[in-house]
Amino acid sequence: MGFTVPDLALDLRYLRYALAAAEHGSFRRAATALGLPQSTVSRRIQLLEASLGASLFERKRTGVRPTPAGDRFLKEAIISASRLHRAAQELILARRGNQGELRIGLVASFARGFLSDLIGAYRAAFPRIRIELFEETPQANLAGVMNGRLDVAFLAGKPIISECSSLHLWDERIYLALPETHRLASATEISWQDVRDEPFIVGVGGPGPEIEDYLVKRLSSPGFRPVIDAHRVGRENLINMVAKGFGLTLTTDSTLGTAFAGVVFRPMAGNSDIVPSSAIWSTGNPNPALKHLLHLGRQMDRRTTHAASRSNFHLKR
């Protein structure tokens, strides 16, 4: 008698009775272990055998033992049952957002600051979620969110995009990166008038285009436009170029978590040079892992805001 294509639903329902019988060497002892009548165990194993088209057990007065075919089947079944159980557990974890994948687009550094804390806390809370980071221009990240390539992007500003949701999470102060030998290196703060005639450098990718637009807005006047050179390098090499005298550049306080030889960072004077940063995602994105990230971000934002309010209160007293 050969095996036939089994009824999978029936196999999964009755497989554990056959495994118990093989383990205990008896339908009676298997029934006792399972807390069922012996007739129930015997009948369900018979249904399983009928479904498979083969006998799984040799029946004797002293008990039962697997047939050669039954022995092979049960050994494979144990492996398959274990895999099925693991697959079911992984499915449950994925539905809860405890396992899966989260694709994040970013522009700013996360060497330190809110974004660094958020990603670190998320990794600690959900270690089984695979996080993939994409460092691209704001336009590319936004396009990635809209076409589904990215689950979420962190962008400067408070964007309002059709079919997308956004959440303002933190603010960053703008800093000037300049050589440690520069005449302004020892200044506590630097005004825009101080650097009006200085050459600037920006990257072609990442936040480079936005930094260039910001410099033009801050430094231009009728008949005057700042000198700004764009280079096809990343953030790290751009700041290394500052150390070599290629020009100055702008960054935010998140970059200050990384040390750069020969470069100092000084804040721009005034309260107007603050960059808000937001998370943006497709409104219809169903990824549970994304929902956990946004929930954690809201919690951290409330704690940060509360701590800042308490600090301001004590300073005013």
Side-chain angles (χ1 to χ4, degrees), residues 104-123 131 133-138 140-141 153-157 168-182 184-192 194-195 198-219 226 228-279 297 300-301 304 308:
I104 300 174
L106 49 83
V107 177
S109 167
F110 65 101
R112 76 169 197 177
F114 187 94
L115 184 57
S116 174
D117 294 342
L118 175 59
I119 292 178
Y122 189 81
R123 283 284 297 167
I131 299 176
L133 299 176
F134 298 82
E135 186 174 357
E136 299 178 309
T137 64
N141 281 333
F154 293 100
L155 303 174
H168 172 217
L169 287 173
W170 78 97
D171 298 313
E172 291 194 66
R173 192 172 185 183
I174 291 180
Y175 280 74
L176 182 72
L178 63 165
E180 62 182 8
T181 57
H182 194 277
L184 297 172
S186 60
T188 304
E189 291 184 328
I190 296 174
S191 70
W192 290 107
D194 292 334
V195 293
E198 296 281 347
F200 281 85
I201 56 174
V202 297
V204 172
E210 288 188 325
I211 292 175
E212 182 172 3
D213 290 343
Y214 195 82
L215 287 168
V216 170
K217 175 184 175 183
R218 285 295 188 185
L219 296 173
I228 305 172
D229 290 328
H231 298 269
R232 295 186 179 277
V233 296
R235 182 185 295 106
E236 181 178 349
N237 278 330
L238 187 73
I239 295 180
N240 287 331
M241 289 174 68
V242 171
K244 304 301 181 185
F246 282 80
L248 313 183
T249 195
L250 297 181
T251 187
T252 56
D253 49 10
S254 59
T255 304
L256 275 60
T258 305
F260 293 92
V263 178
V264 296
F265 299 93
R266 297 292 179 260
M268 300 304 298
N271 296 323
S272 60
D273 294 304
I274 301 295
V275 179
S277 293
S278 304
M300 292 177 60
D301 178 44
T304 302

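These numbers were taken from a predicted model, which means no experiment stands behind them. For this chain, numbers begin at 1 and follow the sequence in order.
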Minimum side-chain heavy-atom gap Met268-Arg218 below 4.5 Å: no
Validation row: Pro267, Thr188 side chains within 4.5 angstrom (heavy atoms): no
Side-chain heavy-atom pair Val242, Phe260 within 4.5 angstrom cut-off: no
Phe265 CZ to Thr252 OG1 distance, which is reported to the nearest 0.5 Å: 10.0 Å
Non-hydrogen atoms of Ala230 and Val204 that approach each other most closely: CB-CG2, 4.0 Å
Over all atoms of both residues, closest heavy-atom pair of Pro138 and Leu155: CA-CD2, 3.9 Å
From CD (Glu212) to CG (Asp229), nearest 0.5 Å: 9.5 Å
Check: His182 and Leu248 side chains under 4.5 Å, non-hydrogen atoms: yes
Minimum-distance pair of heavy atoms, taken over all atoms of Asp171 and Ser277: OD1-N, 4.4 Å
Partner set under side-chain contact (heavy atoms from CB on, under 4.5 Å) for Ser116, not counting sequence neighbours: Phe110
pair Tyr214-Val275: side-chain heavy atoms closer than 4.5 Å: no
Non-hydrogen side-chain atoms of Val202 and Leu215 separated by less than 4.5 Å: yes
side-chain contact (heavy atoms from CB on, under 4.5 Å) evaluation trace for Leu178 with Val195: CA-CA 11 Å; Leu178 63 165; Val195 293; over 6 Å; no
Straight-line distance of Met300 CE to Tyr122 OH, nearest 0.5 Å: 13.5 Å
Side-chain donor or acceptor of Thr251 paired with backbone N/O of Tyr175 under 3.5 Å: no
Any side-chain heavy-atom pair of Phe200 and Leu176 under 4.5 Å: yes
Nearest heavy atoms of Pro179 and Ala243, plus distance in Å: CB-O, 4.5 Å
Salt bridge (Lys or Arg N to Asp or Glu O under 4.0 Å) partners of residues 242-268, not counting sequence neighbours, each pair once: none
Under the side-chain contact (heavy atoms from CB on, under 4.5 Å) test, residues paired with Leu238 that sit two or more places apart: Ile201, Val233, Thr249
Closest heavy-atom pair and its distance - Phe114, Gly297: CZ-O, 3.7 Å
Least distance between heavy atoms, Asn141 atom then Phe134 atom: OD1-O, 3.8 Å
Full working for side-chain contact (heavy atoms from CB on, under 4.5 Å) between Trp170 and Leu118: CA-CA 11 Å; Trp170 78 97; Leu118 175 59; 5.7 Å; no
